[in-house]
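One structure below.
Throughout, residue positions are numbered sequentially from 1 according to the sequence presented. Both backbone and side-chain heavy atoms feed into the values below; hydrogens, waters and symmetry mates do not.
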Amino acid sequence: MHTIEKKSTKKAWAGAIGEPAKEFPPTQLPIISGKIPDGLRGTLYRNGPARLERGGIGIGHWFDGDGAILAVNFNDAGATGVYRYVQTSGYQEEAAAGKLLYGNYGMTAPGPIWNQWQKPIKNAANTSVLALPDKLLALWEGGKPHALDLQTLKTSGEDDLGGLTKGLNYSAHYKRDKQTGEIFNFGISPRKNATLNIYKSDSTGRIIQQAAYQLDGVPLVHDFVLAGQYLVFFIPPVRLNVLPLLIGINNYSDLIEWQPKLGTQILVIDRETLSVVSRGEIEAWFQWHFANGYVDASGSVIVDIARYEDFQTNQYLKEVATGETHTPAKSTLGRVHLHPQSGKVTSIQQLLNQHCEFPNVPQQNVGQASRYTYMSTFRSGTDISQEVVNAIARFDNKTETLSEADLGENRYPSEPIPAQDTQNPAQSWVLTVVYDGNSDSSEVWVFDSDRLDAEPVCKLELPSIIPHSFHGTWNPAK
């Protein structure tokens, strides 16, 4: 009797998350093509969920995977890579038990109901990285950062940065002012009405000033903007239904409700005093990420944003963890003009109609006008309900044109990270980690930032597959 083999409907991108990622020690990376630019000196760090199952049981949402850090150091001898899981206490406990023990953003703790009260949530340390002079922080917005060694990626444990007392969380989306060295961040403490905690740190990461403001209900605030002398928060109309969460019968992801009638709330904060300058309100939309913000010549705050019409994106991201998606969630690059003293939005324009995610600007331009915005997008003709981002691009704000790197069929680049050349400040490079679904392998690609549509100047081979990751940073050589 013949068994009919069921053809998998999974796309090539699913190969990157098919099994837990394998760590590797410091390894010289072979050059596949081209050469490493002489002025590219420093370290690329990337963070993302690398283990999406344990003991044969899958996690509930892509956001729940255990974080692992990739470091690729470019030096005169070539490039060296190292890849390690962040050794959170939850990761170590689950590794020892050989099974999932904790709840998280998209899942409740397995087992009897009292497990959900004892182990409600695990710090997954999987979202972003902050490179400080003497340590690397693995960031996750629902808890404290974990400190790692900049070279070996050995985890030393949770870090309170000298100010994160009990119950204070530190978000994944800090903003660093390259001119002053100051680092700004926030954290949400969920209660009946959440508290927005705002932090200012010196260049070592130590918190030197903080402020707290009460919000309406418990919203999902993932990112904010540094714009000149202001910190700007856009609070989308999603709210957490807290009660089922507290009694352990459901998870955060399934209890976050899209409530467009609430509109998007705006909070403008003075960066010096951390006091409120204004509050405003505008039509409903959702965003995970901002590209940048700045104050223009007229004193208006300009904010560039990857903007969704609704909260479908959460369902799409939940599906990613299964290796198969079917929910379309399109975000476009928009620009908001805001009067900072009144909190009034004077206009919203769409800069691009194609999908935009993980937008960013060169480090030296954070908080001020930037000619270029980098982003992840989709290749032309992609069914966005079925795929993960498969192209990177640069938008020129001066000419309003987009240049794209099309990496070819079944190749999936990570968020593009611009890196300034150490020898020639006018030159910059774009770094991305590519999962090649054709060969089931991962590579590091380096592009000339002015020639994204040309062949990469260098491709490096990685020893094992790096699953699709969230955020990274470039730490230039000193």
Side-chain angles (χ1 to χ4, degrees), residues 42-47 67 69 71 86 123 125 127-150 156 158-165 168-189 196-213 221-233 267-275 289-295 303 358-368 370 415 417-420 470-476 478:
T43 306
L44 170 71
Y45 295 103
R46 289 208 59 79
N47 191 358
I69 312 286
V86 184
N123 185 327
T127 313
S128 190
V129 275
L130 170 53
L132 296 169
D134 62 343
K135 60 193 167 192
L136 181 74
L137 298 182
L139 304 178
W140 178 76
E141 67 201 35
K144 292 182 175 50
H146 281 77
L148 287 78
D149 184 278
L150 283 159
S156 52
E158 284 192 347
D159 196 317
D160 67 7
L161 304 180
L164 297 173
T165 48
L168 292 187
N169 302 325
Y170 194 78
S171 165
H173 285 290
Y174 60 90
K175 300 290 177 267
R176 176 156 39 190
D177 185 322
K178 274 296 234 205
Q179 278 63 44
T180 65
E182 290 168 310
I183 299 164
F184 298 91
N185 205 347
F186 74 98
I188 300 276
S189 300
L196 171 70
N197 300 291
I198 302 173
Y199 315 110
K200 184 196 294 185
S201 293
D202 63 21
S203 59
T204 71
R206 188 177 63 86
I207 293 170
I208 53 175
Q209 196 179 339
Q210 47 186 294
Y213 299 101
V221 183
H222 181 72
D223 193 4
F224 75 111
V225 167
L226 169 64
Q229 67 265 42
Y230 306 108
L231 310 175
V232 187
F233 291 84
L267 194 56
V268 181
I269 305 285
D270 181 290
R271 71 179 272 175
E272 293 305 319
T273 60
L274 302 187
S275 57
H289 302 121
F290 299 97
N292 193 30
Y294 62 94
V295 178
V303 176
F358 304 128
N360 66 72
V361 299
Q363 290 175 350
Q364 65 273 19
N365 297 342
V366 170
Q368 48 185 284
S370 175
E415 160 202 56
I417 302 281
Q420 199 170 22
F470 292 141
H471 299 289
T473 192
W474 171 251
N475 194 30
K478 295 293 179 277

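Listed for the Q209 side chain is a donor-acceptor partner under 3.5 Å among the backbone atoms of E272. In this structure, the side chain of R271 engages the main chain of G228 through a donor-acceptor pair within 3.5 Å. Side-chain atoms of D202 never come within 3.5 Å of backbone atoms of E182 as a donor-acceptor pair (strictly under, hydrogens ignored). Without hydrogens or angle criteria, Q364 side chain to K178 main chain gives no donor-acceptor distance under 3.5 Å. Side chain of N365 to main chain of Q368: no donor-acceptor pair is present (N/O by atom type, distance under 3.5 Å, no hydrogens or angles). Looking at R46, its side chain never comes within 3.5 Å of a backbone N or O of T473 through a donor-acceptor pair. Counting only distance, with no hydrogens or angles, the side chain of E415 and the backbone of G472 share a donor-acceptor pair below 3.5 Å. Under the 3.5 Å distance criterion, the side-chain polar atoms of K144 are left unmatched by any main-chain donor or acceptor of N169. Of the possible donor and acceptor atoms, one in the side chain of Y45 sits under 3.5 Å from a partner among the backbone N and O of L150. A side-chain donor-acceptor contact under 3.5 Å links N185 to the backbone of S171.
One distance of note links CG of D270 with CG of L231; it measures 8.0 Å at 0.5 Å rounding. Atom CG of L161 and atom CD1 of I207 lie 5.0 Å apart (nearest 0.5 Å).
Between Y170 and Y199, the gap from one ring centroid to the other is short of 6.0 Å. For Y174 and F184, the ring centers are positioned 6.0 Å apart or more.
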Exercise for the section: Kindly indicate, with the supporting measurements, whether the criterion ring-ring contact (aromatic ring centres under 6.0 Å, His included) is fulfilled by F290 and F224. Expected result: CA-CA 7 Å; F290 299 97; F224 75 111; 8.3 Å; no
Practice task
Dump the intermediate steps for side chain to side chain contact (heavy atoms under 4.5 Å, CB included) on I417 and L44, then the final yes or no.
Solution key: CA-CA 8 Å; I417 302 281; L44 170 71; 4.0 Å; yes
Problem - Pair T204-L132, side chain to side chain contact (heavy atoms under 4.5 Å, CB included): steps then yes or no - result: CA-CA 6 Å; T204 71; L132 296 169; 5.9 Å; no
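Between V129 and L139 there is no side-chain heavy-atom pair separated by less than 4.5 Å. You'll find the side chain of N123 reaches within 4.5 Å of the side chain of E158, heavy atoms only. Using a 4.5 Å heavy-atom threshold, the side chains of V225 and N292 count as separate.
Between D160 and R206 no salt bridge is recorded (no basic side-chain N to carboxylate O distance below 4.0 Å).
In this structure, H289 and H173 have perpendicular ring planes: the angle between them is above 60°, well past the 30° mark.
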